[in-house]
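One structure is given below, encoded as structure tokens.
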Number of protein chains: 2
Amino acid sequence: MSVTIKDIARESGVSYSTVSKALNNSPLVKPETKKKVLETANMLGYTPNFAAKNLVSKKSRTIGLVWPAIDRIALTALVSKINELVTAENYFMILSVDEADKAIGMFIGFQVDGVMIFEEGRETMLHSDVFSSIPILSYGVSGDHVYPIIDVNHKKAIHLAVSHLIELGHSSLSYIGDATPGDKRQTEKLNGFYEAMENAGLTVHENSIGNTKGLSWYDGYLAAKELLKTSKPTALISGSYDISVGVLRAAKELKIRIPEDLSVISYDNIPQMASLETELTSVGVPIEQLAEKMVTSLLSLIEHPDSINLTQLMEPKLALRKSAKSLQKHL
Amino acid sequence: MSVTIKDIARESGVSYSTVSKALNNSPLVKPETKKKVLETANMLGYTPNFAAKNLVSKKSRTIGLVWPAIDRIALTALVSKINELVTAENYFMILSVDEADKAIGMFIGFQVDGVMIFEEGRETMLHSDVFSSIPILSYGVSGDHVYPIIDVNHKKAIHLAVSHLIELGHSSLSYIGDATPGDKRQTEKLNGFYEAMENAGLTVHENSIGNTKGLSWYDGYLAAKELLKTSKPTALISGSYDISVGVLRAAKELKIRIPEDLSVISYDNIPQMASLETELTSVGVPIEQLAEKMVTSLLSLIEHPDSINLTQLMEPKLALRKSAKSLQKHL
DNA sequence: TTGTAGGCGTTATCAT
DNA sequence: ATGATAACGCCTACAA
């Protein structure tokens, strides 16, 4: 049986409504009373009951984050950053690794004020009544969604990568990534590649596209092995962090040195890029920017429920590391 | 304003207490009434309010997991597995990436039934009143804790690694890991190394121990570079997954091939070991076993609060992969 | 400045 | 089989 404000009230000889006020730092209570109450509260080891609190206030100052794919490590840094920002705004954040539907149901039950979804691959279809009952923001894929989305200009990102490689003197470029039709985010990247190549007047040979058919490192590994055996590009763009991990592994097995024999640029602008055996040059939106945008967007959605907040496209940047090298030097 | 059982009651022409019973599938309500209630509930898009529910029932069927170090990826697989098991037992799981104190305070506020802590490095000191008010289980370090701990027999793990390397013909072994005095878990590993070496009649030279002074890959990288330059072991044991990542990177820069020039065994028995550029042979408790043990322990603690549940030591296993090789072949 | 009372959404115990 | 009604812990008018 945990201690409640009534216990504090009894112990400190005031009414429990006074205790409530004192605990909430109301100006309506005499400083010394407040002090005494706080002391006995502390002494008794009081912890407020959110269930009761939320029940009456209809607010929890908590946001829920739906993150089913924790094994895809590309997002951990983003999660940490978001938690930081949310904390700074005096909110709590709780995570769920369940599927979106289940997680959101739970969050609503717990009376969170808003939820963020990390969508992976195909868009999560939510029951239409869900997003009407609570502010929802997704780090996901633009489309005809009913809830607002923070998305990345994927095409632009790939354009950046292609341009950089061309500047380095490459003309034989390959792309490796998931081309499963249902996954808009991934197909955007692939389309961006075709587009950028065409703009540059370069042709894309059929066997210079590697379809991983999945997003795990192993998918990347298999596809990279296939690709690097049949085709001999001087530069390769990889669709995600995890896929890049597979590419590195494949290259190693095939005794292809990076960047000496092959320049690689990876999608996903995250710190982990620097901790790979070969530091990967990458393109993507820096996570600080993403985090900032997501938090401010969701909080404004919570605090001004009327604010119409549609899809927002974030601008990617190129992060230079050690996996892409000028071709000239090695001619 | 979300829909409550009173709305359902009004809409379906029964009292709200009947609605409550119907929703909870009580046998005390006529099937047709139940059906009607369920229908209108569904029509209205009703979602139960946990705050209210928990308030009266004093149970939430939810456990909280404290996981401040999400950037240390060694644990993601464990988290997923735990979530799976917990779900199978009809519980929810929510995560927090805040510090233990804050996270637990929040969890208690949300009325979770129990909490798990992933302790990283130094032991989290909790206010003594915390763990008396809620079942707590830690994946942590044995010691004079007041709450139960699931720990790993770290020494044994290192012993396994050492024996394996000796069987492969190695006698010049090094250990690299965090030797910061405060961190019991890490120092256990180091002590295990000394012990195993002594048992085998091998001497440990001073410069064959690399102190990373931290647990990030970069710490491992720096220490490995130092170690591999000054000493020339034929085999190396690394204290954690992340440190191993750093070791791989250092070895690559120094043009040391694994396992041809150097055999490596890493601590941490997790799937990610197989996704590194070089698949690492490793020692540690398989995560399925850990997850299983943790979930059953916490749930039994929740359901039988009297069950005294002290520190439990899990037995590590050796997982053979490709980073450790017989020395003979290369003499 | 403090105390009283009503209500938040739900369950559980009574009556009916 | 159904309906009042009293909790659960807290907040917030309003009254004293």
Side-chain angles (χ1 to χ4, degrees), chain A residues 1-38 40-41 44-62 105-113 133-134, chain B residues 1-38 40-41 44-62 105-113 133-134:
Chain A
M1 190 63 173
S2 63
V3 21
T4 76
I5 55 172
K6 290 189 182 172
D7 300 318
I8 303 175
R10 196 181 328 107
E11 199 70 21
S12 52
V14 295
S15 82
Y16 67 84
S17 82
T18 304
V19 173
S20 170
K21 285 168 197 150
L23 256 24
N24 289 296
N25 204 16
S26 156
L28 299 169
V29 49
K30 197 160 44 173
E32 41 193 283
T33 320
K34 191 179 293 184
K35 185 155 170 273
K36 188 175 56 184
V37 168
L38 260 357
T40 67
L44 264 38
Y46 168 77
T47 32
N49 182 326
F50 290 8
K53 211 174 209 165
N54 301 346
L55 188 56
V56 41
S57 72
K58 303 228 179 198
K59 292 223 133 283
S60 61
R61 286 201 83 82
T62 302
M106 176 184 71
F107 284 150
I108 292 182
F110 274 116
Q111 302 286 95
V112 305
D113 296 338
S133 66
I134 189 173
Chain B
M1 191 62 175
S2 60
V3 22
T4 76
I5 54 172
K6 291 189 181 173
D7 300 319
I8 304 175
R10 196 181 327 107
E11 198 70 22
S12 52
V14 295
S15 83
Y16 69 85
S17 80
T18 303
V19 172
S20 172
K21 284 168 198 150
L23 256 24
N24 289 295
N25 203 17
S26 157
L28 300 169
V29 48
K30 199 162 40 174
E32 41 192 282
T33 321
K34 193 180 290 184
K35 184 155 170 273
K36 188 176 56 185
V37 168
L38 260 358
T40 67
L44 264 39
Y46 169 77
T47 32
N49 183 325
F50 291 8
K53 214 172 208 165
N54 301 347
L55 185 57
V56 41
S57 72
K58 302 228 181 199
K59 292 224 135 283
S60 60
R61 286 200 85 80
T62 302
M106 176 182 70
F107 285 150
I108 292 183
F110 274 116
Q111 302 286 94
V112 304
D113 296 337
S133 66
I134 188 172

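What you see is a predicted model, and the numbers here were worked out from it, not measured in a lab. Numbers restart at 1 for each chain; the letters A, B, ... are given by sequence-line order, proteins then strands.
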For the pair made of [atom1] in [X] and [atom2] in [N], what is the distance, rounded to whole Å?
| X | N | atom1 | atom2 | value |
| --- | --- | --- | --- | --- |
| B:Asn54 | D:dG9 | CG | P | 12 Å |
| B:Lys30 | D:dG3 | NZ | C1' | 14 Å |
| B:Leu55 | D:dC8 | CG | C1' | 4 Å |
| B:Lys59 | D:dC8 | NZ | C1' | 15 Å |

Discussion item. Apply side-chain contact (heavy atoms from CB on, under 4.5 Å) to residues A:Phe110 and B:Thr62 and explain how you reach the verdict.
Written reply: CA-CA 11 Å; A:Phe110 274 116; B:Thr62 302; 3.4 Å; yes
Worksheet item: What do the steps show when you test A:Lys59 against A:Asn54 for side-chain contact (heavy atoms from CB on, under 4.5 Å), and what is the final call?
Response: CA-CA 5 Å; A:Lys59 292 223 133 283; A:Asn54 301 346; over 6 Å; no
Worksheet item: What one-letter contact string describes nucleotides 10-15 of chain D from 5' to 3', where B marks a base within less than 4.0 Å of any protein heavy atom, S marks contact via sugar-phosphate atoms alone, and - marks no contact?
Response: BBBB--
Fill in: Distance in Å, B:Thr18 OG1 paired with B:Lys34 NZ, rounded so as to fall on 0.5 Å steps
12.0 Å
Discussion item. I'd like to know if the side chain of B:Asp113 and the backbone of B:Ser60 have a donor-acceptor N/O pair within less than 3.5 Å.
Written reply: yes
Worksheet item: Can you tell me if A:Asp7 uses its side chain to pair, donor with acceptor, with the backbone of A:Thr4 under 3.5 Å?
Response: yes
Worksheet item: side chain to side chain donor-acceptor pair (under 3.5 Å) with B:Lys21: which residues, sequence neighbours excluded?
Response: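 Applying side chain to side chain donor-acceptor pair (under 3.5 Å) to B:Lys21 gives none.
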Worksheet item: Under 4.0 Å between a side-chain N/O of A:Lys58 and OP1 or OP2 of C:dG9, yes or no?
Response: yes
Worksheet item: Is any side-chain nitrogen or oxygen of B:Thr33 closer than 4.0 Å to OP1 or OP2 of D:dT2?
Response: yes
